[in-house]
Amino acid sequence: MSRAAGVAPAAVAPSGGGGGQAWARFRRSRPAVVAAVVLVALIMIAVFAPMIATHDPNQQFLTPPTGGVLDPMAPRETGKFLAPTPEHLFGTDHLARDIFSRTVVGLRVSLAAAAFAIVVAGSIGITIGVFAASGPRWLDSFLMRATDIGYAFPDLLLIIMLRAALGDSLFGAREVFGLEASVLLLFVAIGLTAWPTMARLVRGQLLAVRETEFSLAAVSLGASPARIAVRHWFPHTAGPVIVEATFMAPRAIFAEAALSFIGLGVMAPGASLGVLINDHFAFVMLRWTALAFPVGVLALLFLCSQYLGDGLRDALDPRARR
Amino acid sequence: MAIYLARRLTWTVVTLLALAAVTFLLMHRVPGGPFDAATVDRPVPAAVIEAQHAFYGLDDPIPRQFVRYMGHLARGDLGISFSQQGQPVTDLMLDKAVPSFILGVMAFGFVVAGGVPLGVLAASRRGSVVDAGALTVATALAAVPGFVLAFGLLLVFSVWLGWTEILAGARFGESLGSLRAGILPAVALGAPGMAIVSRITRASMLDVLEQDYIRTARSKGLGWRAVYLRHALRNALLPIVTILGPVFASLITGSIIIEAIFGVPGIGSMFITSVATRDYGIIMGTTLFYGVVIMLANLAVDLVYPLIDPRVTLR
């Protein structure tokens, strides 16, 4: 194990088994299965958020003044800071908005952040990794040098700069896929800083699998390069890539939450888990449950991706150990 | 060794050049200039803006501005701040670097002094209540973002218990007594890293504990301390040190958020303000500062390898 400067050697998963055995191994890990079920449920909630939200997330449910108009002691308006009720499942916030509906919509934003970041980082990282592993030597060293540089950048600073530089519209449109363009560009910015890990992983896996005996055997049996790539290289790279993507999700979700929290991400009145945490912390002494819901969802998202990632790694790569 | 160091340092300079170029390009792509009415938040005559742009050469092509900036940088001149009456960026940053540096050291201390013993303890009592407890603590600390943890700590220790002032961070770094105000930010900043280090330590220790020489050490009748600390931990150090590089980098970037929450007047708060005010000199200065710190940390990790494992040679 030489770890002196450079890329850690990538472990090659044995080829045996294929999908069926991996699935069997995955099913045996109870935390991973539970995590997968919870994650699927959360994703479904996010996808069908408009139908699940009981109210308009931006509507204010202020009730008119009670008592006589001349009564100076009567509260002028109520409906704010409500505790959870059947009408408002998670209560209401400082602007008398329904917290349940805002949390559901916020969950949608957080999961979209993860999905976009994974797609952007994955496509850049996989492309660079494949070209570095299969191209000529000069291309490999050029791409890997670029990856090293990308790896050394302070990511949060870059996201903040990218977010500011990309502006508020995407090709002139202010809304794409039902998301505001500025929010979408935030996700792209998060993805643009996360690709170096993926590039290193893909290159390392491909270089390692190329040297294996079964790969050599396929070549000497006269298998076509396309067949080798599809039958041998792809399965060996896909597993670690899926695992890495799973671990990438919580990082993207945290980045979105942290940036929204310091006011550089999703803007008011938009709802994201970061925005909700920021809003609700202001009145945590009055109604702590309001803060507990978005924080709980965030923690649940993180824990589930972590356990799912661990489970997938154990299932797809039995030689990797925790 | 000298050749290795020279090559690494050259590479560090190349990376910093790339970081400078990317940041320079991005920051000039951000709409609005440092002297615009919207940026300074009061009406400004167009002639004044023009005169300031001409004076600072902001209308020149970006490549020429970049070359000029790098020329000044090579002589150690980081330029002046646009938003703070033309004070030198170097002076402003030196002021802000002290609280950031102390906070970073305290958080890193928490990561190492908390994570390593926790991991060793968990590994030495594998499968016991202690092990499960340590794993739960580590998972829980990593399951909430640092800024949420920061709020939780503020709530418990400042609001409910009243042990620290809520915004004590503002005077952090001024005196020895103010260091107490750094405990909560340091814990919030270091907690995710502490969780990772304890997990890695546990896994690495479990690997080592299966080795033959550990059985030998045990059968010789060596005590707990000799077996676990002198034989096992020393050999388990390599993966721990490897993870300290990325963990340190995450402390650096995480400090941007944590400083904002606790009101610590550090480099991170400075960077966020400078993006809003389009203060080009400060944006470049703070970004390069972070880049240098991260790269020096990675270099330090690589230089420590041969000290831990004599089989590793730096080439």
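Here is the naming used below: chain letters follow the sequence lines, and residue numbers restart at 1 for every chain. Keep in mind that what you see is a predicted model, and the values were worked out from it rather than measured.
Contact annotation for A/Leu162: both backbone and side-chain heavy atoms come within less than 4.5 Å of a heavy atom of chain B. For a residue to count as touching a neighbouring chain, one of its non-hydrogen atoms must lie under 4.5 Å from one of that chain's; by this rule B/Met27 touches chain A with backbone and side chain alike. Residue B/Ala260 touches chain A through its side chain alone, counting heavy-atom pairs closer than 4.5 Å. For B/Ile283, the part lying under 4.5 angstrom from a heavy atom of chain A is the side chain only. For B/Val22, the part lying under 4.5 angstrom from a heavy atom of chain A is the side chain only. Of the atoms belonging to B/Ile256, it is side-chain heavy atoms, and not backbone ones, that fall under 4.5 Å from chain A. Heavy atoms closer than 4.5 Å to chain B are found in both the backbone and the side chain of A/Arg145. Only the side chain of B/Ile294 comes within contact range of chain A, with heavy atoms under 4.5 Å apart. Only the side chain of B/Ile272 comes within less than 4.5 Å of a heavy atom in chain A; its backbone stays farther off.
Within a 6.0 Å sphere centred on CG of B/Leu307, other residues, nucleotides and ligands contribute more than 12 heavy atoms.
The closest side-chain heavy-atom distance from B/Thr287 to A/Leu158 is not below 4.5 Å. At a threshold of 4.5 Å between non-hydrogen side-chain atoms, the residues A/Asp148 and B/Thr15 do not count as touching. With a 4.5 Å cut-off on side-chain heavy atoms, A/Pro154 and B/Leu19 count as touching. Residues B/Trp11 and A/Ile149 form a side-chain contact, since some pair of their non-hydrogen atoms from C-beta on lies under 4.5 Å apart.
For chain B, the option among A/Ser305, A/Ala146, A/Pro250, A/Ala258 with the highest count of heavy-atom pairs below 4.5 Å is A/Ala258. When the candidates A/Val295, A/Leu303, A/Leu157, A/Leu301 are compared by the number of heavy-atom contacts under 4.5 Å with chain B, A/Leu157 comes out ahead.
The distance from atom OG1 of B/Thr23 to atom CZ of A/Phe153, rounded to the nearest 0.5 Å, is 6.0 Å. In this structure, A/Phe254 CZ and B/Ile257 CD1 are separated by 12.0 Å, a value rounded to the nearest 0.5 Å. Expressed to the nearest 0.5 Å, how far OH of A/Tyr307 lies from OG1 of B/Thr139 amounts to 4.5 Å. Rounded to the nearest 0.5 angstrom, A/Met161 CE and B/Leu25 CG are separated by 9.5 Å.
Electrostatic pairing of A/Asp310 and B/Arg199 counts as a salt bridge here, judged by a charged N lying under 4.0 Å from a carboxylate O.
The shortest non-hydrogen separation linking A/Ala165 to B/Leu26 is CB-O, 3.5 Å.
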